[in-house]
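All values derive from a computational prediction rather than experimental measurement.
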Amino acid sequence: MFIDVHVLQTVPPSNINRDDTGSPKTAVYGGVRRARVSSQAWKRATRTEFRELIDPASLGVRTKRVVELIAERIGSTIPDVDARHAAAIQVLKDAGIVLEKPRKRKEDADDAVEQSKYLLFLSANQIDRLAQLAVATVGGAKVEKSAAKAAANGADSIDVALFGRMVADSADLNVDAAAQVAHAISVHAVNNEFDYYTAVDDRAPEDNAGAGMIGVVEFNSSTLYRYATVNVGMLEKNLGDRTATVHAIETFLKAFVRSMPSGKQNTFANRTLPDAVVLSVRTDQPVNLVTAFEEPVEALGAVRATAAAKALVSRYSAIESAFGDGGTTNFVVGTGDGADALGEIATPVSFAAAVDGVSGRVRAALGVSS
């Protein structure tokens with residue numbers, strides 16, 4: 001079973017995801033340049049939104065500073081700081097995690113704590129279990145490497161279960177992601193624009209007509225097509241609990257749909273909510289409907305999101321007619337005229353009702369009582 005999430009969202013002038021030059025990211029699709037927001041940016045925004053929906057203490061931590069992380073969890077159980085770090089280092093190495101001294105900067109102390117070679121994603125339970133094993137090494141006790149690996153495996157938090165983990169030096173610690181998130185692109189062609197701005201020095205002399213600061217910021221505005229999918233079977237495997245799987249899907253749907261990357265948000269105040277959402281419960285395979293917008297939606301003088309919703313419904317209907325097995329169930333959420341267009345594939349409901357509808361389907365499939 002797969003849960004597909006299709007979102008149409010209009011964003012005003014903004015720069016929510018920029019490249020190494022500070023320009024809004026773009027991509028060429030259908031022969032024209034589109035606005036683009038990377039999947040990494042929206043996954044990060046979704047993970048951040050999780051903290052508003054569930055207890056942050058139950059979520060994972062992604063960091064290179066794993067030694068400090070484990071040492072903090074050990075706390076006063078090992079009073080000496082150096083001994084605490086040594087115990088954390090040993091249990092992490094036993095788990096197969098490669099550590100190294102961080103690259104030294106001028107302001108760094110000579111005794112900088114070791115870090116992992118790469119960002120490591122650990123769940124709260126895994127951090128606790130590694131800390132408990134580290135404490136057990138006090139007094140010279142040995143920890144079996146198999147026990148350390150077991151502590152770093154399983155008991156995944158929902159963010160680790162959804163977005164996965166890759167440990168290059170220890171493949172048996174890898175977690176296959178249950179969720180996939182596409183790069184969001186605009187449904188129409190986009191040309192980036194430039195805002196030339198000045199800032200006035202409040203204490204400048206009255207006869208000084210110059211600016212205290214001059215700058216340029218690049219931006220664009222667009223109606224984005226966003227897509228994500230969740231493999232329910234993989235999520236259940238990662239979590240090892242059917243009730244937790246249902247809860248994780250509900251949390252992901254709420255967080256992904258309502259989230260927004262935070263780039264330049266203080267400059268543009270660009271936070272919006274979607275114009276249209278389609279949640280599809282599929283039994284065949286995930287289906288990205290981006291081909292609905294290969295031909296740019298140029299609805300000049302009209303609401304572009306409404307025209308995009310019609311194109312989305314048309315593409316969905318064409319795919320289902322050609323390849324569908326009749327097993328897909330849809331829940332749609334729309335605003336304005338977009339709701340009328342979405343009504344061709346399902347009766348529009350509130351977002352809360354749509355999430356409940358998906359949850360009910362997943363509960364029934366997994367045999368979880370409500």
For [Y], is there any backbone N or O sitting under 3.5 Å from a side-chain donor or acceptor partner on [X]?
X: S157; Y: A124; answer: no
X: S317; Y: S314; answer: no
X: N15; Y: G22; answer: yes
X: S186; Y: A35; answer: yes
X: K310; Y: A341; answer: no
X: S116; Y: Y118; answer: yes
X: N174; Y: V167; answer: yes
X: R36; Y: K25; answer: no
X: T335; Y: D275; answer: yes

Please determine, by modelled atom types, if [X] and [Y] share a side-chain donor-acceptor pair under 3.5 angstrom.
X: D94; Y: Q90; result: yes
X: N125; Y: S123; result: no
X: R315; Y: T291; result: yes
X: R226; Y: Q9; result: yes
X: E250; Y: S359; result: yes
X: R304; Y: T223; result: no
X: N153; Y: Q126; result: no
X: S280; Y: T328; result: no
X: T229; Y: Q180; result: no

Should E114 and R65 count as an ion pair when the cut-off is N to O under 4.0 Å?
no
Taking 4.0 angstrom as the limit, do E236 and R242 come out as a salt bridge?
yes
Going from OG1 on T329 to CD1 on I3, what distance comes out if it is rounded to the nearest 0.5 angstrom?
9.5 Å
Out of curiosity, H6 NE2 to N288 CG, how far, rounded to the nearest 0.5 Å?
7.5 Å
Name the orientation class of the two ring planes belonging to Y225 and F293 (parallel below 30°, tilted from 30 to 60°, perpendicular beyond 60°).
tilted
Measure the acute angle between the ring planes of F163 and F50, then classify it against the limits of 30° and 60° as parallel, tilted or perpendicular.
parallel
Is it the case that more than 12 heavy atoms not belonging to E100 sit under 6.0 Å from its CD atom?
yes
Measure across [X] and [Y] and return the closest heavy-atom pair with its distance rounded to 0.1 Å.
X: A309; Y: L342; answer: CB-CD2, 4.5 Å
X: P12; Y: S221; answer: C-CB, 3.6 Å
X: S38; Y: H183; answer: CA-ND1, 3.4 Å

